[in-house]
There are 2 protein chains.
Amino acid sequence: MVSFEDMKLEEGSPIYLQIIHHLKMGIAAGTVQDGEELPSRRTLSALLGVNPNTIQKAFHILEEEGLIVSHVGAKSCVSVTREQVQCLEQQLPDAHARQFIKQMQAMGLSCTQVVGLVERLWEEEV
Amino acid sequence: MVSFEDMKLEEGSPIYLQIIHHLKMGIAAGTVQDGEELPSRRTLSALLGVNPNTIQKAFHILEEEGLIVSHVGAKSCVSVTREQVQCLEQQLPDAHARQFIKQMQAMGLSCTQVVGLVERLWEEEV
DNA sequence: TAAAGTGTACTATTGATATAATACAGTTAG
DNA sequence: CTAACTGTATTATATCAATAGTACACTTTA
């Protein structure tokens, strides 16, 4: 069963996108595997304290993207090919890093400064 | 005159927040200094291709935060104390780095891997 | 078999974002 | 001085995100 226990909702980004992102990061990290069951829409909405329709929107998009499969009456499951997993493993960190670097450069920091900052803050974040 | 020429609008975040963020990063980078004139609301709206009200919303918030001052009939100006500049110089990169680290950790990457990724991608980004 | 749980669909409403079209008072520049 | 430009305010509209409530068909399970 895919876990959403550790997921914390944050402001600044739509909830349904955060849910999609959470699952993709789990797949990229290897903690979510092909065939794994997902919590039901109603269960997850209660866990996160959001509307069932918001969960449905996220799951609907995930199904359109071919990352999960759903059947009426039964729970949804993760369904990813090896290619999809590899794609997420490579592209997700890459895209985040590029955006991060762009911001650091806009604030005038050097590569050395950024590396130092990351190393200094790394241990603080659990 | 504060420049917004290099600012590219991106999806995923409200335009008025991007404008606020752009000015703060300029202050943190030292490319925007105290007393500097800002483009007028109408000029900037034409430059970015957005509605004047959107610029007004951004500038209104910036004035509430005490980073710019406005007077009817005259152009608005940046107005920051040494303390405000130091605050932005330290807190902005820090906050971005923490968020970045959290995402990298969620995808199962090690500190060494992330540092390597940043160093590898740094030169690609202009 | 019957009840509970599941995915799915629909309507309605609220708030935030963004656009559009004005309008007015004060400043600047010709 | 006058015209152009400035900040500011107002009303209206459209879209998206999120909530709320309801309904129905299907699967699981007790």
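Remember, predicted model here, so these are calculated numbers, not experimental data. Every chain is numbered from 1 and lettered A, B, ... according to where its sequence line falls, protein lines coming before strand lines. Both backbone and side-chain heavy atoms feed into the values below; hydrogens, waters and symmetry mates do not.
- Regarding Gln56(A), its CD atom lies at a distance of 6 Å from the C1' atom of dT8(C), rounded to whole Å.
- Counting to the nearest Å, the C1' atom of dT8(C) and the CD atom of Glu63(A) are 10 Å from each other.
- At least one side-chain nitrogen or oxygen of Ser76(A) sits closer than 4.0 Å to the OP1 or OP2 atom of dG7(C).
- Using a 4.0 Å heavy-atom distance criterion, Glu37(B) is classed as making no nucleic acid contact.
- The nearest whole Å value for the distance from the OH atom in Tyr16(B) to the P atom in dA16(C) is 9 Å.
- Among the atoms of the strands shown, none is found under 4.0 Å from any heavy atom of His60(B).
- Separating the CG atom of Asn51(A) from the P atom of dG15(C) is a distance of 16 Å, rounded to the nearest angstrom.
- OP1 and OP2 of dA18(C) both lie 4.0 Å or more from every side-chain N or O belonging to Lys57(B).
- The nearest whole Å value for the distance from the CG atom in Asn53(B) to the P atom in dT22(C) is 14 Å.
- A heavy-atom distance below 4.5 Å is found between the side chains of Leu9(A) and Met7(A).
- Between Phe100(A) and Phe100(B), the ring-plane angle classifies as parallel under the 30° and 60° cut-offs.
- Residues Val78(B) and Gln33(B) form no side-chain contact, since every pair of their non-hydrogen atoms from C-beta on lies 4.5 Å or further apart.
- Ile61(B) places its CD1 atom 11 Å from the C1' atom of dT17(C), with the value rounded to the nearest Å.
- Atom-to-atom, CZ of Arg42(B) to P of dG26(C) comes out at 16 Å; the value is rounded to the nearest Å.
- A heavy-atom distance below 4.5 Å is not found between the side chains of Met107(A) and Glu89(B).
- Regarding His71(A), its NE2 atom lies at a distance of 16 Å from the P atom of dT6(C), rounded to whole Å.
- Side-chain atoms of Ile55(A) and Ser45(A), non-hydrogen and from C-beta on, do get closer than 4.5 Å to each other.
- At the phosphate of dT19(C), OP1 or OP2 sits under 4.0 Å from a side-chain N or O atom of Thr54(B).
- Both Gln18(A) and Val72(A) lie close to DNA chain D; mapped to their nearest nucleotides by heavy-atom distance, the more 5′-ward contact belongs to Gln18(A).
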